[in-house]
Engineer: 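Pasting in a structure now, in structure tokens, and then I'll have a few things to ask.
Naming: A, B, ... by sequence-line order, numbering from 1 per chain.
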Amino acid sequence: MSITQFRTETRAWLEANCPKSMQKPVKKFTDLYWGGSKPYFDSEDQKIWFERMYERGWTVPHWPKVYGGGGLNKEEAKVLKQEMKALNCRPPLYSFGISMLGPALLHFGSEDQKLQYLPDITAGKIWWCQGYSEPGAGSDLAGLQTRAEDKGDHYLINGQKVWTSYADKADWIFCLVRTNTEGRKHAGISFLLIDMHTPGVSTRPIKLISGASPFCETFFDNVKVPKTNIVGEENGGWAIAKYLLTHEREMIAGIGEPAEVPLHQNAIDTIGLSNGMLADTILRPEIARWSMNNEIFKMTIARMLDEAKQGQSLGAKSSFLKYYGTELNKEKLELKLAATGQTGLVWEGEAYDDGHLPKYFCRTKGNSIEGGTSEIQLNIVSKHILRLPS
Amino acid sequence: MSITQFRTETRAWLEANCPKSMQKPVKKFTDLYWGGSKPYFDSEDQKIWFERMYERGWTVPHWPKVYGGGGLNKEEAKVLKQEMKALNCRPPLYSFGISMLGPALLHFGSEDQKLQYLPDITAGKIWWCQGYSEPGAGSDLAGLQTRAEDKGDHYLINGQKVWTSYADKADWIFCLVRTNTEGRKHAGISFLLIDMHTPGVSTRPIKLISGASPFCETFFDNVKVPKTNIVGEENGGWAIAKYLLTHEREMIAGIGEPAEVPLHQNAIDTIGLSNGMLADTILRPEIARWSMNNEIFKMTIARMLDEAKQGQSLGAKSSFLKYYGTELNKEKLELKLAATGQTGLVWEGEAYDDGHLPKYFCRTKGNSIEGGTSEIQLNIVSKHILRLPS
Amino acid sequence: MALVLTEEQQMLKDSAKEYLKEHAPVAALRKLRDERDEKGYNPSVWKAMADMGWASLTIPEAYGGLDFGYTGLGQILEETGRTLTASPLVSTVLLSTTLLNKAASDAQKEALLPAIAAGELLVAFASEESGVHRPLHITTSYTKAGDTYLLNGKKQFVLDGHVADKFIVSAKNEEDAISLFLVDADATGVAIERLTMMDSRNAAHVSLKNVHTNELLGVAGEGAALIETSLDIARVGLAAEMLGTTQEAFERTMSYIRERKQFGVPIGSFQALQHRAATMYGEIENCKSIVLAALQAIDADSEHLPRLASLAKAKLGETAQLVTNEAVQFYGGIGMTDDEEIGFFLKRARVAQQTFGDYNYHLDRYAKMNGY
Amino acid sequence: MALVLTEEQQMLKDSAKEYLKEHAPVAALRKLRDERDEKGYNPSVWKAMADMGWASLTIPEAYGGLDFGYTGLGQILEETGRTLTASPLVSTVLLSTTLLNKAASDAQKEALLPAIAAGELLVAFASEESGVHRPLHITTSYTKAGDTYLLNGKKQFVLDGHVADKFIVSAKNEEDAISLFLVDADATGVAIERLTMMDSRNAAHVSLKNVHTNELLGVAGEGAALIETSLDIARVGLAAEMLGTTQEAFERTMSYIRERKQFGVPIGSFQALQHRAATMYGEIENCKSIVLAALQAIDADSEHLPRLASLAKAKLGETAQLVTNEAVQFYGGIGMTDDEEIGFFLKRARVAQQTFGDYNYHLDRYAKMNGY
């Protein structure tokens, strides 16, 4: 099938099959279907939309069919994405299994592991969470302390993770654990999959300044894990972690609501025009400055991806993308607050969209911390791209 | 005499004695009288003004009369300064002897040294220059290499200084030299006075990006200096250097032409108003932002000096003043260029004030380098005020 | 005047610091928030504050006050800024008492000021009509009906609106002349909607529907100048509070980075953080200067007050934003949690920035005052 | 279109880099400056550049050109930006040739384009009338006098004004309609005043007093749109040159701080400098993106060109200023000396920033284009 034909058919199918209520911007947690062993559908439409897409393998369209994916090539996957965006279709299934673990398994997993885990991810049967950070470690990821002791046929896990997304809802966790306490700290880390239902695993939600609790602390108290649950080599987990961090950075850099209202339109709506110019002459250049930087940054993402296609690896450039994208996002919310005045600071109440704006504002402050702080990204750029001495 | 009476009499005397041509802003080097063994007066008025002020001891009004000063107390000296500013009177004599060496001698010199050097400074007989920096040392002042070898009754000096102001015109230099090569590098430094006419001293002017050459390289090739020319203790020069650096920082923070046209007036003159607001709506908030910071910073200088009077030593705060004052000055010139467009970039020609603006712009770039870079000042603040660990 | 505190002012400040640390720390605000406290402030703490004279500082002795001046009040505000203490200090003392001092008749003063001084009466200023600060752009109207006035309109973001006993309401007549009126909170036609703000402080919308009052405040039609002057004083006072908030956030952050280790060393030893910290230090020094200069200008009845007020409110808005943002970033993940108190400073800063005009508002005003 | 160069474009760029490094390095500009060179550029280098086809890149094959496109010309400009090469590339090739391509009659093209391609004719665009970029705010006038036109006015800051053989002059009639005219530099009534600019490049004031010409360029009265489009192309080309200048200044600075030691370690190891360097790196990456996107938009005849041109000129103006300022600061004292070349980059950046509109001009234009 030609790509033009694919586009036409895809558009027709989406128009016929995506329920109207699934063609609205995602605003809150339950607007997405997250899957898991105790699946929760917010509406019948959400269920229908998931099932129809899953049937075609389009929960993860670019994975091979044998793993439950859609088997689309890059070009087709891009077209599907474009057409979904054009209709404002919500993703039918959202999970860290798709965005994080899947890519790692495809790259580093054994064939057995791929067949065991990937189809359940595409089917949304398992809710995965990520266990990297530890209390007191912060940016020093390689300093992690969670121990995995070799007990012959299994590991015995003891330790604590923090910033595990929705660990209180998750079925499984993919984790970095220390399998060797000697030598260089990077060299003793393994990448391990742990069933959250195993005895000894417990979680506690962390309340954020936004008021939401998307993260947990997760505790491991003598948790037994089969040795086959390791991905890659024992003590070879750092390479996987780095691969996923790069991957995550790129994702975070792309932050931003789909088909979003441009910032200047937002400001025009709130403040109004005067002689064809934003009535607030002081805010106007600030809005324009941000918009210019934002528009150019999107070109940089496109250019770097184009270069990557030509074989120049993205590598440490992803650190710049993560840094700049998150700083832009924080700045955008500052400008939104500036444009709305006190109205944008009301924390509750239906008339105030349940405080979506100030809560999201608070949430964005974490953008430059999670997935490696801005400072860490700048360190990486100066060391690996600019080759400045340490 | 009451302070009010002093003010009245001073004003009357200044009005009667300061030639009209000496009541104009200082724009170029020769607008000031620098003194020295080969004195140069740019005009008869300049000479008259110097002589009349010297006669009263008002070339350095706050020094004791025994050293050729005016013997004014702090309050009187302040009143004189205010009245001179009100009439736009130029300083009758300008020299590093007054601003730098004098304070050091008053604080650290022996009585003999004070009597030997200070009267010549007030009389403008000796042109002094400063020899601190060395090539390759930059911000690492304590790493200086110029050697003063102990030869019994004299030192033998070998080495090189850089950024010596007008060394090609100077009669004497006050210098930091190394009298001890062992132990902590700060502990082997002495403060030495050297006659520039001694055999073995030579200079070479350095041309700056502004086109001017206010600085030189100065070379010492087996220069003999009497041991009595040391100020303070042998190996005790670091304390004097630090004292003078703090002093210098405070001076540099106060940079800015006296009775200057406010920046916004400048912009109004160039760009014009529209509906009572600066016609360039983008530049307007930038001008206002700078002006606000400038106005507030002047209050900070005043407050810190008021606190200092109450016994809280200025200390490391002078680093902040130096940093902020020089950054403000650089920013001001950037804004001036922005307001004048290409006209402000013409480098020569009478119609363009001989390129005063772009040349001064270039010159300001050195403000945050000389007298300790901005980075060094920030280091000092974080270490000595914020007590951040190293 | 020297830019330093007098001994008395310094003593007042020290005693306030001690009291607030003990009786109204950040934890107290958290408690009010988590318990969804009906009043949103602690009346017994407020009574104690009044007993210490904090509500009387700017009230003349004739009306039971201390007549101590705004520089003194500024020190109290600065300390409440450090502890994020929720109290009627800004609404009743800083803003409404100033309006009453300037405009009230002797009888009105007699009736209100002693009660305020005693901490027994809360008065809120109902002025704004949108989320963006435009104090003189109002549509609330008054008409004379016999001996009384009839008020209609909707006021927004009234500080302490839902706990106030009385309101000072700004309204205009058909000729667009603005007057001020005193209105009882329980008067017929007054409806109050409490708001939950990001900083957990009190604010409310107050609507007036055919509300009768016979209490004009000051001369009819001359409200605009009165509002501007009183707001300038309030801007300076709020800037003083923000100075406390900013300093406290900064000092906590410095303590944190001196101790907190990453890669085996304190993160405060990283030069990039040090330079950002040193830059913040400098801006805070500038904040101290302008706040003190502006407070002194109030007490000296200086003609420069409007300019200094805009400088103070703008600079503090800018610096509070910088410092609280950097504080969360320096704390890292822990700074994003509600358990850690630093986030409360970020939230308070944002609301205080918008109250009485933000950076851009005052930058614009400053430029206009300087003729460009 | 992918945001990458084609193989041919990359080859052109590489060869330009090699030639310029050898034959027109920064030292060549210094020499022209110090010798107060009469022409202000090196004619033999220019001839060689033309021989390599650089003057022909945007000229159609029918008129002796290569028709290679602006993305290619941008690569040349970028390389001349690195070496700060003074040449008629911007005035004659980037700006005037564009105007001629768009507006000239076949006869005019026949007469001028092959000569330009051969490096034998310099044409300058006399447009601005003040130091601040306002291309359509002109007072230079034309009136028709029989078969010819009579021009009067004063043009300022004409690039290569004192070495040009011909001028393209913008002028308006009594109805304020703008037209373009070709004028010989030696025509009666033309007076040229050479200027010494901060960057040591060529600019001149050109006054026209009753100058006769019968060479109208394009359709009478339709000059405004023509000027805007051609200027947009010139803005992008100049942005490409500034990209070279900015990159070169940055790379030199990075080399310097990798080597230069203070306190016994390379200053490039100080984290505060590292973070500032990393921030600059990012902005330069953004510069690369917008310059390439805008160059491709010229070649694709895109309707988005005006917006992209403003984005490019603004972003490069901003980044060139940031990077050249930081370069001097990172170099320290040595950066302040005329012996060191880094100051030349600062000076060129400031002039290039103002040429064809600075950051603020294009920010304003960008906002207007987006309807606010």
Engineer: Sub-3.5 Å donor-acceptor pair from the side chain of B:K365 to the main-chain atoms of D:G335, do we have one?
Structural biologist: no
Engineer: Checking heavy atoms, do the side chain of D:R33, its backbone, both or neither come under 4.5 Å from chain B?
Structural biologist: side chain
Engineer: Where on D:L346 is there a heavy atom nearer than 4.5 Å to chain B: the side chain, the backbone, both, or neither?
Structural biologist: side chain
Engineer: Decide if atom NZ of B:K169 counts as having more than 12 heavy atoms of other residues, nucleotides or ligands within a radius under 6.0 Å.
Structural biologist: yes
Engineer: Flag the one option from D:Q156, D:Q321, D:M197, D:E340 with the top tally of heavy-atom pairs under 4.5 Å to chain B.
Structural biologist: D:M197
Engineer: Quick one, D:R194 with B:E348, criterion salt bridge (charged side-chain N to carboxylate O under 4.0 Å, His left out). Give me CA distance, side-chain angles, the key distance, then yes/no.
Structural biologist: CA-CA 11 Å; D:R194 184 184 181 182; B:E348 290 177 3; over 6 Å; no
Engineer: Does the side chain of B:K207 reach to within under 4.5 Å of the side chain of D:D339, using non-hydrogen atoms?
Structural biologist: no
Engineer: Report yes if the side chains of D:T337 and B:W163 come closer than 4.5 Å at any heavy-atom pair, otherwise no.
Structural biologist: yes
Engineer: Below 4.5 Å from any heavy atom of chain D, which atoms of B:I206 appear? Answer side chain, backbone, both or neither.
Structural biologist: side chain
Engineer: So what's closer than 4.5 Å to chain B heavy atoms on D:K347: side chain, backbone, both or neither?
Structural biologist: side chain
Engineer: What part of B:L141 lies closer than 4.5 angstrom to a heavy atom of chain D: side chain, backbone, both or neither?
Structural biologist: neither
Engineer: May I ask you to name which of B:D280, B:I271, B:L345 has the most heavy-atom pairs under 4.5 Å with chain D?
Structural biologist: B:L345
Engineer: With side chains defined as the heavy atoms from C-beta onward, is the minimum distance between B:C362 and D:M198 less than 4.5 Å?
Structural biologist: yes
Engineer: Can you confirm whether more than 12 heavy atoms, excluding those of B:K185, are under 6.0 Å from its NZ atom?
Structural biologist: yes
Engineer: Is there a donor-acceptor contact under 3.5 Å from the side chain of B:Q342 to the main chain of D:Q354?
Structural biologist: no
Engineer: How long is the span from the CG atom in D:L363 to the CG atom in B:L283, to the nearest 0.5 Å?
Structural biologist: 11.5 Å
Engineer: Would you name the heavy atoms of B:E334 and D:N325 that are closest together and state the gap between them?
Structural biologist: OE2-ND2, 2.9 Å
Engineer: side-chain contact (heavy atoms from CB on, under 4.5 Å) for D:L195 and B:Y352? Distances and angles first, verdict last.
Structural biologist: CA-CA 10 Å; D:L195 298 167; B:Y352 296 90; 4.1 Å; yes
Engineer: Could you check if a side-chain atom of B:I282 sits within less than 4.5 angstrom of a side-chain atom of D:Y361, using non-hydrogen atoms only?
Structural biologist: no
Engineer: Given a strict heavy-atom distance threshold of 4.5 Å, which part of B:F215 is in contact with chain D: side chain, backbone, both, or neither?
Structural biologist: neither
Engineer: Report which part of B:T340 has an atom under 4.5 Å of a heavy atom belonging to chain D: side chain, backbone, both, or neither.
Structural biologist: backbone
Engineer: Using heavy-atom distances under 4.5 Å, tell me whether D:I267 contacts chain B through its side chain, its backbone, both, or neither.
Structural biologist: neither
Engineer: Could you tell me which portion of B:K359 (side chain, backbone, both or neither) has an atom closer than 4.5 angstrom to a non-hydrogen atom of chain D?
Structural biologist: neither
Engineer: B:S374 versus chain D, heavy atoms under 4.5 Å apart: side chain, backbone, both or neither?
Structural biologist: both
Engineer: Return each pair, listed once, that meets salt bridge (Lys or Arg N to Asp or Glu O under 4.0 Å) where at least one residue sits in residues 372-388 of chain B; pairs must be two or more places apart or across chains.
Structural biologist: B:E375-D:R276
Engineer: Is there a side-chain contact between B:L337 and D:Q353 in this structure, where contact means two heavy atoms from C-beta onward sitting under 4.5 Å apart?
Structural biologist: no
